[in-house]
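In what follows, a structure is listed as structure tokens, so that the remarks can point back to it.
Each chain gets a letter, A, B and so on, in the order the sequences are listed, and its residues count up from 1.
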There are 2 protein chains.
Amino acid sequence: MTGTGDDPGGTARGGPQPRYGGRPTMKDVAARAGVGLKTVSRVVNGEPGVTQDTERRVRDAIAALGFRRNDSARILRKGRTASVGLVLEDLADPFYAPLNRAVEEVARAHGALLINGSSAEDADRERELALAFCARRVDGLIVIPAGDDHRYLEPEMAAGIATVFADRPAGRISADAVLSDSFGGAREGVAHLIAHGHRRIGFLGDRPRIHTAAERLRGYRAAMAGAGLPVDERWVSLGPTGPERVRAEAERLLTGPEPVTALFTGNNRVTVTAVRVIAGLPRPVALVGFDDLELADLLSPGITVIAQDPARLGRTAAELLFRRLEGAGDAPRRVELPTRLIPRGSGELPPVTG
Amino acid sequence: MTGTGDDPGGTARGGPQPRYGGRPTMKDVAARAGVGLKTVSRVVNGEPGVTQDTERRVRDAIAALGFRRNDSARILRKGRTASVGLVLEDLADPFYAPLNRAVEEVARAHGALLINGSSAEDADRERELALAFCARRVDGLIVIPAGDDHRYLEPEMAAGIATVFADRPAGRISADAVLSDSFGGAREGVAHLIAHGHRRIGFLGDRPRIHTAAERLRGYRAAMAGAGLPVDERWVSLGPTGPERVRAEAERLLTGPEPVTALFTGNNRVTVTAVRVIAGLPRPVALVGFDDLELADLLSPGITVIAQDPARLGRTAAELLFRRLEGAGDAPRRVELPTRLIPRGSGELPPVTG
DNA sequence: ACCCGGGCTGACAACGTTGTCCAGGCTCTA
DNA sequence: TAGAGCCTGGACAACGTTGTCAGCCCGGGT
């Protein structure tokens, strides 16, 4: 009898089930409560000017129908979406995940939802995501750049979508950016190795078109130059950070007639691979890595790192974003957050050859 | 002189700039191109029935005004949002981050965006997030439950929002769920310790109202019972997984007159803390942990774990979700994914007392 | 008896898009 | 040359909500 086939009501009890396919609307609630449309709107939004009795009737109707306000319509009408978009490289990366979470917390504190996506270090995909978020009319956008040309965002920013870049600066446009001090951090890390007696230090980093990678390389060179040490270009390896390439490069640097006695690794993925390679060698190799790692203190030796604070990076970027949304209209700002050297053993090993 | 000629190009120069506050709309584009509104819509959506010449005029106008379709309006009109919501415990948790990413990838393959949020293991916050996503009219919802009563989602599900639960089953409603075999995994892990000679095995887990925690405890008891071993209730510690409590409990189990010789830890956070405690002890303590850890193989001894595959969990849940969205209407399904024991050393240590 | 003010309420337009439907002009055929 | 049929383009309503504004009712002041 209650066939699912031609019975429109389907789910609930009897009563005036509205509109076959969809959900009840304020109009339906109004009809059931015997009030006007706008009165329902007032109740739903907690606006004043509704008597207790009317409000009760409306609330009963809402409960009976299972009404929930359609935010799409609300957004269309009001123009603000109370949502921010975040484009990052990889949601699953242990460096970006805390950043993601920090942005979420700030958004939440401002009553906004978070839409996010991974660019997979692909400029086209970054663009595609950012523009999709803009089409959804996010109020603001935080971008961790994969590409190096962000002019495509100019119309959106001009149209009022606040945009903050994080971890890396924007390319070819002027915009807010929140960065870590990659140059200073790398310089400090390499200087630390030099201070422990190393002269032949390898650098394993990401492709130099990535801003942070270029900065870290610059820091490496600055530290070497500052100590009056030459850099053999064969000690420098830049490229994709997949385990295979990094493994091969690490092995190349650490074997052969004149191996390096220490490695500086440019980010967490590279560090992990390098640690695995070193673990397979008979002699100890000093290592300092950029980015902290969970459990880094439990290895023997512990891994000495230049730690960034990804959560702080995200929080700072999000706070700047919301300040912009609240009207701060001064010139684009560039915030640089400090890094911190955490000595744990691997960076304090003396040079060993052979 | 390029083709754009003297026309106001990108952002904002002269020209018929419409509507002071906002962005250009299809109406503005239509006016500028000298065509009807619907023709613009057709061009934007790649619908047939527009001559090349007209299309060019429209595209020029779009470029000149910096028009981008407002997806809020589109969503309102079409009823589908091409977005899915994901409620999980913590975006930054190394277990959930890959799950998040996997859901994103599947959503992307289906042309949908992802909205997500962290419940922080709080039932109210889970509810708040899920309902906020519903108000945005996500097409589907993936929930990693924090609470144990999901009846609040019934109206939404009845109204057509497909919902899949992941990692833990729904409470008090019937719904799709994708789980790991917590019971079997824990039983196997504890049996592994027993097989290596342990008789006094401690269990450090999360609050038992969390389904996975209860299942893992059940697995522990089953393994002990299966070997005919008694369980001293002082060996079992359930509660919040903050480092302080876990540290105190681990120390309690491992010291005193009759300490346990091995630990089974109920999730990645607990494992990490337990490893730190053990590292501070003079004698070796065998350990098997639920959930894999990055670098677990590099510790000495390596950490033996029961590995789940969080990415697969997310992928499976998302695929099931989209199957539902494409119309699969059969009864709620419960998928259980296997776990895998990865022996690395810590689980193979013999019992040592003292 | 009349008017005024304030508190409630509802009718209506608007947000920007898409689906429906019809008009006009063209080509093709008889 | 007229009629049929196709192609292109536009007018209009609808999606569900909120802002504006006007109307109603009631009590109190004149």
Side-chain angles (χ1 to χ4, degrees), chain A residues 18-59 61-62 65-82 132 134-137 139 159-160, chain B residues 18-59 61-62 65-82 132 134-137 139 159-160:
Chain A
R19 305 194 320 95
Y20 296 82
R23 307 186 56 142
T25 71
M26 284 193 178
K27 203 163 136 189
D28 302 315
V29 174
R32 174 158 184 140
V35 301
L37 184 54
K38 182 63 209 211
T39 300
V40 178
S41 171
R42 272 192 271 261
V43 170
V44 168
N45 293 299
E47 289 171 26
V50 181
T51 52
Q52 271 205 334
D53 179 59
T54 308
E55 172 164 349
R56 235 184 45 76
R57 288 216 315 284
V58 171
R59 292 211 181 281
I62 288 176
L65 295 175
F67 167 81
R68 188 169 309 282
R69 181 179 63 197
N70 183 331
D71 272 353
S72 297
R74 166 171 237 253
I75 284 165
L76 175 59
R77 183 63 231 249
K78 304 202 73 146
R80 285 245 145 173
T81 57
C134 289
R136 299 279 173 133
R137 297 292 188 269
D139 297 333
Chain B
R19 306 193 321 96
Y20 295 82
R23 308 188 55 141
T25 72
M26 285 193 178
K27 204 164 137 190
D28 301 316
V29 174
R32 172 152 185 145
V35 302
L37 184 54
K38 181 64 208 214
T39 301
V40 178
S41 171
R42 272 193 271 261
V43 171
V44 168
N45 294 299
E47 290 169 25
V50 182
T51 52
Q52 271 205 334
D53 179 59
T54 308
E55 172 165 351
R56 232 184 46 78
R57 288 214 315 283
V58 171
R59 291 209 182 282
I62 287 176
L65 295 175
F67 167 80
R68 188 169 310 281
R69 181 179 62 196
N70 183 330
D71 271 353
S72 298
R74 166 171 237 252
I75 284 165
L76 175 59
R77 183 61 230 248
K78 303 202 75 146
R80 287 244 144 174
T81 58
C134 290
R136 299 277 173 135
R137 296 293 188 269
D139 297 333

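- The distance from atom CG of A/Asp71 to atom C1' of D/dT18 is 13 Å, rounded to the nearest whole Å.
- Between the base of D/dG10 and the side chain of B/Arg42 there is a donor-acceptor pair shorter than 3.5 Å.
- Using a 4.0 Å heavy-atom cutoff across all strands shown, A/Val44 reaches no nucleic acid atom at all.
- Put simply, CG on A/Asn45 is 8 Å from P on D/dG19, counting in whole angstrom units.
- The side chain of B/Thr54 contributes an N or O atom lying less than 4.0 Å from OP1 or OP2 of D/dG9.
- Atom C1' of nucleotide C/dC8 and atom CG of A/Leu37 are separated by 16 Å, given to the nearest angstrom.
- Atom NZ of A/Lys38 and atom C1' of D/dC21 are 11 Å apart (whole Å).
- Between the side chain of B/Lys27 and the base of C/dG16 there is no donor-acceptor pair of N/O atoms closer than 3.5 Å.
- At the phosphate of D/dG19, OP1 or OP2 sits under 4.0 Å from a side-chain N or O atom of A/Lys78.
- Heavy atoms of A/Val35 sit under 4.0 angstrom from primed sugar atoms or phosphate atoms, though from no base atom.
- Checking the phosphate oxygens (OP1, OP2) of D/dT17, no side-chain nitrogen or oxygen of A/Ser41 falls inside 4.0 Å.
- Annotation for A/Val44 and A/Phe67: closest pair CG2-CE2, 4.0 Å, computed over non-hydrogen atoms.
- For B/Asn70 and D/dC15, the CG to C1' distance is 13 Å, given to the nearest whole Å.
- Of the charged side-chain nitrogens involved, at least one lies within less than 4.0 Å of a carboxylate oxygen, so that B/Asp53 and B/Arg57 count as a salt-bridged pair.
- The base of C/dT17 lies outside donor-acceptor range of the side chain of B/Arg74, with no N or O pair under 3.5 Å.
- Between B/Arg136 and A/Ser72, the shortest heavy-atom distance links the atoms O-OG, 3.9 Å.
- Counting heavy atoms from C-beta on, the side chains of A/Leu65 and A/Val29 come closer than 4.5 Å.
- Residue B/Thr51 places no side-chain N or O under 4.0 Å from the OP1 or OP2 atom of D/dT8.
- No donor-acceptor pair under 3.5 Å is formed between the side chain of B/Asn45 and the backbone N or O of B/Glu47.
- Atom CZ in A/Phe67 sits about 4 Å away from atom P in D/dT17, given to the nearest Å.
- What separates CG of A/Leu76 from C1' of D/dG16 is a distance of 9 Å, to the nearest Å.
- At whole-Å resolution of the value, CE in B/Met26 and C1' in D/dG10 are 14 Å apart.
- Side-chain N/O atoms of B/Arg69 include one lying less than 4.0 angstrom from OP1 or OP2 on C/dT18.
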